Novice: 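Below: one structure in structure tokens.
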Amino acid sequence: MGRPNDEVAELFQEFADLLSITGEAAYKVRAYEKAARSIAGYAEDVSTLDLKGLRQIPNVGEAIAKKILDHRETGTIRQLEAVRAKIPAGVRALTAIPTLGPKKALVLYEELGISSVDELAEAIPAGRLEGLKGFGAKTEENILHGIELMKRAGDRVLIDVAMEVAEEVVAALSPLAERCEYAGSLRRSRETIGDVDVLAAAADSAPLMEAFAALPLVSEVIARGDTKTSIRTTKGLQVDLRVVPAESWGAALQYFTGSKAHNVRTREIAVRAGLKLSEYGLFDVESGELVVSATEEEVYERLGLPWVPPTLREDGGEIDAALKGTLPRLVQLADLRGDLHSHTDLTDGIAPLEEMVAAAAAQGWEYFAITDHAPNLFMQRMTDEKMLAQREAVHALGERHPGLTLLHGTELNIDADGEVDWPEEFLSGFDICVASVHSLFTQDRETMTRRIVRAVENPGVHVLGHPTARLIGRREPVDCDWDAVFEACARHHTVVEIDAFPDRLDLPADLIRRALRHGVRFSIDSDAHATGHFANLRYGVGTAQRGWLTPDDVVNTWPLERLRDYLGTG
DNA sequence: GCCGTTTTCGGCCCGACTGTTTTCAGTCG
């Protein structure tokens with residue numbers, strides 16, 4: 001269920017959303033949103049803090065601190081319950097539709113009684129919105145497209161949500177099993193996860209099934225048997241537990257990891273060798289005898305293949321590469337020597353510079369770049385003076401962390417024409433500049449391509465940040481001639497970012513493979529807005545692996561000197 | 001509701017874009 005901070009933060013975020021729907025003053029709504037973000041990003045566990053300790057959290061004052069204590073004692077927040085009674089949860093869900101905010105959601109609820117996304121999806125084609133003030137044809141179209149975008153993600157969840165559940169289940173069951181691991185699309189590090197598959201090896205499955213069904217995160221047991229039990233979590237995610245004998249572990253793990261297409265290929269290879277591969281093992285067809293099944297390695301080996309990393313098992317050429325012995329040595333989390341994209345509370349981060357740097361030092365990195373937003377993202381209120389003052393602070397801090405080289409950078413805004421915030425002269429004062437698209441996501445392909453290529457060609461720009469600007473389940477990637485962009489990146493030594501945020505994972509894996517063909521180099525960046533966000537790098541690494549990247553392809557696995565040479569900042 | 005070398009009130013993330021509107025409201029970053 002996550003750490004107590006996340007639960008409390010979610011309650012205040014819900015409170016803020018509901019207040020904004022009821023038309024509460026914007027500053028009040030923002031106060032709760034800011035508090036929610038601060039609580040989520042706060043290093044200490046809120047459930048252990050007293051009133052004084054809680055008030056130390058930025059943006060948490062008397063009123064919010066008391067609500068946290070109330071919640072701890074009574075399990076609820078009175079004011080939240082009151083507004084929940086007025087606004088159904090489904091109305092809040094409407095605001096998750098892109099282009100539909102709190103004001104429109106309230107109109108739909110009050111005028112038409114619509115209180116769910118499904119109801120709205122039916123009401124529009126039925127013409128029920130016609131004549132409703134503020135809802136023209138284009139608005140209806142945008143809403144339907146937004147719903148479509150959400151539906152396409154379907155019941156799938158982002159990888160971090162699934163990972164949290166999977167790790168909780170594995171941790172709870174491991175003491176009862178000889179082996180226990182999550183498999184399926186999560187093990188392959190897909191960007192969204194439909195359901196979580198957990199595999200355990202044990203002689204007797206009963207205690208595992210019992211413990212699994214009794215976990216606190218279980219809201220419903222869907223099916224329960226000797227070899228498989230399925231549950232639904234309180235948040236609606238399905239988790240399947242399969243228990244196999246230890247001698248079948250390897251075959252079962254291989255089978256339940258998938259993908260289906262990869263398994264089809266491995267089974268074909270088995271058939272041609274007179275073998276049969278199933279979740280129970282690799283068998284000799286003639287004798288029916290078990291050949292191997294205890295580990296994945298021996299299953300693959302008996303098929304004449306090296307072990308294939310799960311992130312490659314998509315039937316995307318990995319079988320041929322395995323047969324030829326040309327599987328890449330994939331980049332690992334431990335290969336990273338630094339992070340090239342992060343924020344502090346000078347702009348929209350949560351943590352002060354000192355805390356971000358201390359947390360980066362604790363990662364054991366060799367270098368770390370602070371890249372707060374530049375002035376053209378107006379809401380961040382950046383100025384030249386603030387940026388230069390931060391640079392001084394960064395230099396001073398560097399002396400306190402001798403093992404860690406601090407890079408002072410910025411995240412520039414790529415404007416409509418591909419220009420960025422500052423002239424080259426000012427840019428040259430930074431150690432590293434990330435440049436990203438933050439607006440005008442719907443430009444046509446030609447305009448967008450010209451725009452991004454121009455930014456990439458700017459000698460002051462070193463990294464193209466979250467290149468497609470997609471938000472998984474919420475915003476489409478921008479339309480762009482990526483081959484033209486990658487070609488320009490390779491030519492100008494502009495690094496292409498893999499932003500590790502779970503709702504971005506941008507550049508996506510399919511485009512990484514395409515970029516690789518152009519000789520592009522990549523950086524796997526946290527885009528951290530809080531110290532806890534460095535943990536997201538594992539998802540960035542998973543995405544990089546799905547793109548077949550080796551450490552040599554990823555600049556932040558390089559020593560700083562080589563990185564500087566490549567960027568031309570040495 | 002939070003915050004403060006403006007310190008107990010009066011500000012608070014500002015501006016662009018979109019669609020609808022007939023002069024601007026809603027949404028987003």
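Naming convention: chains lettered A, B, ... in sequence-line order (proteins, then strands); numbering from 1 in each chain. Being a predicted model, the structure only gives us computed values, none of them experimental.
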Novice: Taking the six-membered ring for Trp and the single ring otherwise, decide whether the centroids of A:His373 and A:His343 are under 6.0 Å apart.
Specialist: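 Aromatic pair counts; centres sit under 6.0 Å.
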
Novice: Of all the nucleotides listed (B:dG19, B:dG1, B:dC13), which has the minimum atom distance to the side chain of A:Arg37?
Specialist: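 The answer is B:dC13.
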
Novice: Write down the distance separating the P atoms in B:dG15 and B:dT21, rounded off to the nearest Å.
Specialist: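 About 27 Å, rounded to a whole number of Å.
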
Novice: Determine, for A:Phe441 and A:Arg475, whether the Lys NZ or Arg CZ falls below 6.0 Å from the six-membered ring centre while staying within 45 degrees of the axis.
Specialist: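 Checked: cation-pi criterion met.
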
Novice: Is A:Arg84 salt-bridged to A:Glu81, going by a charged N under 4.0 Å from an acidic O?
Specialist: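 Salt bridge present between A:Arg84 and A:Glu81.
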
Novice: Roughly how far apart, to the nearest Å, are B:dT27 and B:dC13 at atom C1'?
Specialist: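 One C1' to the other, the span is 15 Å.
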
Novice: Atom OH of A:Tyr27 to atom P of B:dC2: distance rounded to whole Å?
Specialist: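 Distance check: A:Tyr27 OH to B:dC2 P gives 12 Å.
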
Novice: How many Å lie between NZ on A:Lys67 and C1' on B:dG1, as a whole number?
Specialist: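 After rounding, the reported distance stands at 8 Å.
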
Novice: Does any part of the side chain of A:Leu108, heavy atoms only, come nearer than 4.5 Å to the side chain of A:Phe135, both counted from C-beta?
Specialist: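 The answer is yes, as the side chains (C-beta and beyond) meet within the 4.5 Å cut-off.
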
Novice: Considering only atom C1', compute the distance from B:dC17 to B:dC12 and round it to an integer number of Å.
Specialist: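 Nearest-Å result for B:dC17 against B:dC12 at atom C1': 24 Å.
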
Novice: In the strands shown, is B:dC2 matched to any nucleotide by a Watson-Crick or G-U wobble pair with both distances under 3.5 Å, and which?
Specialist: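 WC or wobble partner is B:dG11.
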
Novice: Side chains of A:Thr139 and A:Asn142: any donor to acceptor distance under 3.5 Å?
Specialist: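 Short answer, no.
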
Novice: Need one value for A:Val29: base, sugar-phosphate or nothing, where a base atom within 4.0 Å counts as base even if backbone is also close, heavy atoms only.
Specialist: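 Counting heavy atoms under 4.0 Å across all strands, no contact is made by A:Val29.
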
Novice: Could you measure between the two P atoms, the one in B:dT20 and the one in B:dC28, and give it in whole Å?
Specialist: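 Roughly 15 Å separates the two P atoms.
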
Novice: Are any of A:Thr139's side-chain N or O atoms less than 4.0 Å away from OP1 or OP2 of B:dT18?
Specialist: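 So the side-chain polar atoms of A:Thr139 never come under 4.0 Å of the phosphate oxygens OP1 or OP2 of B:dT18.
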
Novice: Let's go through A:His71 and A:Glu7 carefully: what are the C-alpha distance in whole Å and the side-chain angles of both, what is the deciding distance for side-chain hydrogen bond (donor to acceptor under 3.5 Å, both in side chains) to 0.1 Å, and is it a yes or a no?
Specialist: CA-CA 11 Å; A:His71 175 255; A:Glu7 282 179 58; 5.8 Å; no

Novice: Please write out each protein N/O paired with an N/O of nucleotides 25-29 of chain B under 3.5 Å, distance rounded to 0.1 Å.
Specialist:
{"residue": "B:dT27", "atom": "OP1", "partner": "A:Gly101", "partner atom": "N", "Å": "2.4"}
{"residue": "B:dT27", "atom": "OP1", "partner": "A:Gly101", "partner atom": "O", "Å": "3.0"}
{"residue": "B:dT27", "atom": "OP1", "partner": "A:Lys104", "partner atom": "N", "Å": "3.2"}
{"residue": "B:dT27", "atom": "OP2", "partner": "A:Pro102", "partner atom": "N", "Å": "3.4"}
{"residue": "B:dT27", "atom": "OP2", "partner": "A:Lys103", "partner atom": "N", "Å": "3.1"}
{"residue": "B:dT27", "atom": "O5'", "partner": "A:Gly101", "partner atom": "N", "Å": "3.3"}
{"residue": "B:dC28", "atom": "OP1", "partner": "A:Thr99", "partner atom": "N", "Å": "2.9"}
{"residue": "B:dG29", "atom": "OP1", "partner": "A:Arg475", "partner atom": "NH1", "Å": "2.2"}
{"residue": "B:dG29", "atom": "O3'", "partner": "A:His438", "partner atom": "O", "Å": "3.3"}

Novice: Take atom NZ of A:Lys28 and atom P of B:dG11, then tell me their distance rounded to the nearest Å.
Specialist: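 To the nearest whole Å, that distance equals 19 Å.
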
Novice: Can you tell me how far C1' in B:dG11 sits from the matching atom in B:dA16, rounded to whole Å?
Specialist: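 After rounding to an integer number of Å, I get 24 Å for this pair.
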
Novice: Below the 4.0 Å mark, does B:dG19 have OP1 or OP2 next to a side-chain nitrogen or oxygen of A:Asn142?
Specialist: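 The answer is yes; a side-chain N or O of A:Asn142 sits under 4.0 Å from OP1 or OP2.
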
Novice: Taking B:dG4 as the reference, what is the distance to B:dT8 when you measure between their C1' atoms (whole Å, please)?
Specialist: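 About 10 Å, rounded to a whole number of Å.
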
Novice: Once you apply a heavy-atom cut-off of 4.0 Å, does A:Ala416 come out as touching a base, just sugar-phosphate, or nothing?
Specialist: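 Here A:Ala416 touches no strand at all.
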
Novice: Round to a whole Å and report the spacing from CD1 of A:Ile64 to P of B:dG1.
Specialist: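 Distance, rounded to whole Å: 8 Å.
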
Novice: Expressed as a whole number of angstroms, how long is the span from A:Glu33:CD to B:dC13:P?
Specialist: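 For the pair A:Glu33 CD and B:dC13 P, the rounded distance is 12 Å.
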
Novice: Rounded to whole angstroms, how far apart are NE2 on A:His343 and C1' on B:dC13?
Specialist: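 For the pair A:His343 NE2 and B:dC13 C1', the rounded distance is 15 Å.
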
Novice: Are A:Arg3 and A:Tyr42 in a cation-pi setup, meaning NZ or CZ lies under 6.0 angstrom from the ring centre and within 45 degrees of the ring axis?
Specialist: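 Here A:Arg3 fails the 6.0 Å and 45° test against A:Tyr42.
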
Novice: Whole Å only: how far is the CZ atom of A:Arg30 from the P atom of B:dC2?
Specialist: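 Interatomic distance, CZ of A:Arg30 to P of B:dC2: 14 Å.
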
Novice: Side chain of A:Ala63: nearest nucleotide among B:dC3, B:dG1, B:dG19?
Specialist: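 Given the options B:dC3, B:dG1, B:dG19, the side chain of A:Ala63 is closest to B:dG1.
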
Novice: Taking atom C1' of B:dC13 as reference, at what distance in whole Å does atom CG of A:Asn413 sit?
Specialist: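 Atom CG in A:Asn413 sits about 15 Å away from atom C1' in B:dC13.
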
Novice: Between A:Phe501 and A:His533 (judged by ring centroids, cut-off 6.0 Å), do the two rings come close enough to count as a pair?
Specialist: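 Ring centres of A:His533 and A:Phe501 closer than 6.0 Å.
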
